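Bear in mind the structure is a predicted one, so any value in this text is a computation, not a measurement. Numbering of ligands and ligand atoms starts at 1, following listing order.
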Amino acid sequence: MRSYIEELCHAKRHASALGAFNVFNGLSVRAVIAAATELDTPVILQTSVPTVRQFGVERLGAMLKLMTRDAPVHVMIHLDHCRDIELAKACVDAGWNSVMYDGSMLPLEENIANCRIIASYAHAKGVQVEGELGHIAGTEDSLSVAEADAADADLDASIRLVRESGIDSLAPAIGTVHGTYRGEPHINFPLVEQLAAALDIPLVIHGGTGLSEAVFARLIQNGAAKVNVATALRHAYFSGIQAYLSDNPGQEDPAALDQFLSSRIQAAAAEHMRIFQAAALP
Ligand code: 13P
């Protein structure tokens with residue numbers, strides 16, 4: 001079986017991308033695996049820091065290991081947006097395949113130094129590291145960046161971060177937004193092209209919810225090998241609860257509600273996976 005980074009590089013070589021979906025409970029884990037099985041594609045389950053803290057590192061690690069063990073497709077576990085070096089190390093120890101160290105709010109030198117610490121710790125245990133540069137607008141769980149503070153990644157700083165820290169993949173701010181887009185997204189495609197030309201590691205796109213098929217295709221053709229999707233699954237979950245309760249007043253069968261929500265999340269994840277595969281070369 002390919003390692004996490006081999007899966008990303010394989011996707012990049014074939015102009016395709018892996019979906020990385022933020023899961024928040026057992027139901028969402030099962031639903032995303034079902035979507036990946038439906039499309040016969042490898043998939044990344046991401047856990048946010050609040051989710052890790054809610055369950056506890058050891059318990060969540062054990063739960064994910066158990067739930068992914070018999071999956072018919074390759075399921076990998078990634079830690080999303082972690083700013084706590086010790087927590088990232090704990091996830092490495094507890095079996096995550098990849099961790100993101102988000103030093104995007106730090107001065108470049110500090111971001112490089114912290115990424116280097118995590119990369120050397122993680123690599124010794126066969127775990128990959130994603131870094132971030134620039135400021136992505138919007139809200140992702142507990143992290144918020146105001147629109148006025150958003151800033152695209154700097155090309156030279158990106159090259160330095162990758163070369164000097166040893167990270168395996170880079171999430172550059174390119175104009176995407178965490179959460180819901182207000183109006184047309186303004187994606188900095190020239191920056192994506194320059195980054196792809198300058199770096200030989202896979203690029204990661206944050207803020208996957210709400211981008212058009214054409215935008216995804218252009219990003220993927222320019223070296224994006226992992227696309228993060230969180231809001232779309234949360235929306236499927238909450239709009240599903242509302243729809244179910246209004247269509248089934250008085251119904252109190254938890255299994256039936258779970259089944260309904262699970263199919264909504266599966267459909268949302270599968271729709272994204274289909275788009276990520278569509279650009280693929282044979
Ligand atoms: P969305 O919530 O916009 O899908 O973004 C997800 C993400 O980038 C997680 O890191």
Side-chain angles (χ1 to χ4, degrees), residues 4 8 17-25 28-29 31-32 35 43-53 76-84 87-88 91 96-105 128-147 150-153 167-188 192 202-213 215-216 219-220 224-239 264-265 267-276:
Y4 179 94
L8 257 56
L18 296 190
F21 299 91
N22 289 60
V23 290
F24 41 88
N25 58 15
S28 59
V29 170
V32 173
V43 69
I44 298 166
L45 303 182
Q46 303 194 138
T47 57
S48 70
V49 167
T51 299
V52 174
R53 293 203 197 283
M76 293 154 282
I77 312 295
H78 172 80
L79 173 67
D80 197 23
H81 288 289
C82 184
R83 294 182 172 175
D84 176 341
L87 184 68
C91 287
W96 268 249
N97 304 103
S98 167
V99 295
M100 174 184 194
Y101 177 72
D102 177 358
S104 59
M105 301 313 273
Q128 317 301 318
V129 178
E130 178 181 319
E132 175 170 331
L133 212 63
H135 307 311
I136 300 170
T139 298
E140 191 54 53
D141 267 339
S142 57
L143 302 179
S144 279
V145 175
E147 243 168 74
D152 287 349
I167 54 172
D168 306 278
S169 57
L170 176 70
I174 54 159
T176 58
V177 165
H178 283 132
T180 309
Y181 286 88
R182 284 195 277 152
E184 276 297 300
H186 297 293
I187 311 297
N188 189 342
V192 178
L203 299 178
V204 176
I205 304 302
H206 283 240
T209 299
L211 296 177
S212 70
E213 208 160 321
V215 167
F216 279 131
L219 290 170
I220 292 168
K226 169 178 179 265
V227 182
N228 289 4
V229 178
T231 303
L233 300 199
R234 278 200 299 265
H235 179 70
Y237 186 72
F238 280 100
S239 65
R264 300 270 296 216
I265 295 175
E271 188 186 325
H272 284 86
M273 291 172 189
R274 220 168 265 126
I275 295 172
F276 302 156

| N22: side chain to side chain donor-acceptor pair (under 3.5 Å) partners, not counting sequence neighbours | Q46, D80
| said: Would the distance check show the side chain of N188 and the main-chain N or O of I174 forming a donor-acceptor pair, the cut-off being under 3.5 Å? | reply: no
| Does S212 have any side chain to side chain donor-acceptor pair (under 3.5 Å) partners at least two apart in sequence or in another chain, and if so, which? | none
| task | Not counting sequence neighbours, list each pair that qualifies as a salt bridge (Lys or Arg N to Asp or Glu O under 4.0 Å) and has a residue in residues 173-183. | result | E147-R182
| said: Taking the side chain as everything from C-beta on, heavy atoms only, tell me whether I265 gets closer than 4.5 Å to F21. | reply: no
| query | Between Y4 (side chain) and I44 (backbone), is there a donor-acceptor pair under 3.5 Å? | reply | no
Which pairs of N or O atoms, one from ligand 1 and one from the protein, are separated by less than 3.5 Å, and what is the distance for each pair?
{"from": "ligand 1", "atom 1": "2 (O)", "to": "E140", "atom 2": "OE1", "distance (Å)": "3.2"}
{"from": "ligand 1", "atom 1": "2 (O)", "to": "T231", "atom 2": "N", "distance (Å)": "2.9"}
{"from": "ligand 1", "atom 1": "2 (O)", "to": "T231", "atom 2": "OG1", "distance (Å)": "2.5"}
{"from": "ligand 1", "atom 1": "3 (O)", "to": "G179", "atom 2": "N", "distance (Å)": "2.9"}
{"from": "ligand 1", "atom 1": "4 (O)", "to": "T209", "atom 2": "N", "distance (Å)": "3.2"}
{"from": "ligand 1", "atom 1": "4 (O)", "to": "T209", "atom 2": "OG1", "distance (Å)": "2.5"}
{"from": "ligand 1", "atom 1": "4 (O)", "to": "A230", "atom 2": "N", "distance (Å)": "2.8"}
{"from": "ligand 1", "atom 1": "4 (O)", "to": "T231", "atom 2": "N", "distance (Å)": "3.4"}
{"from": "ligand 1", "atom 1": "5 (O)", "to": "G207", "atom 2": "N", "distance (Å)": "3.3"}
{"from": "ligand 1", "atom 1": "8 (O)", "to": "H178", "atom 2": "NE2", "distance (Å)": "3.1"}
{"from": "ligand 1", "atom 1": "8 (O)", "to": "H206", "atom 2": "ND1", "distance (Å)": "3.4"}
{"from": "ligand 1", "atom 1": "8 (O)", "to": "G207", "atom 2": "N", "distance (Å)": "2.8"}
{"from": "ligand 1", "atom 1": "10 (O)", "to": "D80", "atom 2": "OD1", "distance (Å)": "3.2"}
{"from": "ligand 1", "atom 1": "10 (O)", "to": "D80", "atom 2": "OD2", "distance (Å)": "2.7"}
{"from": "ligand 1", "atom 1": "10 (O)", "to": "H81", "atom 2": "NE2", "distance (Å)": "3.4"}
{"from": "ligand 1", "atom 1": "10 (O)", "to": "H206", "atom 2": "ND1", "distance (Å)": "3.1"}
{"from": "ligand 1", "atom 1": "10 (O)", "to": "N228", "atom 2": "ND2", "distance (Å)": "3.2"}

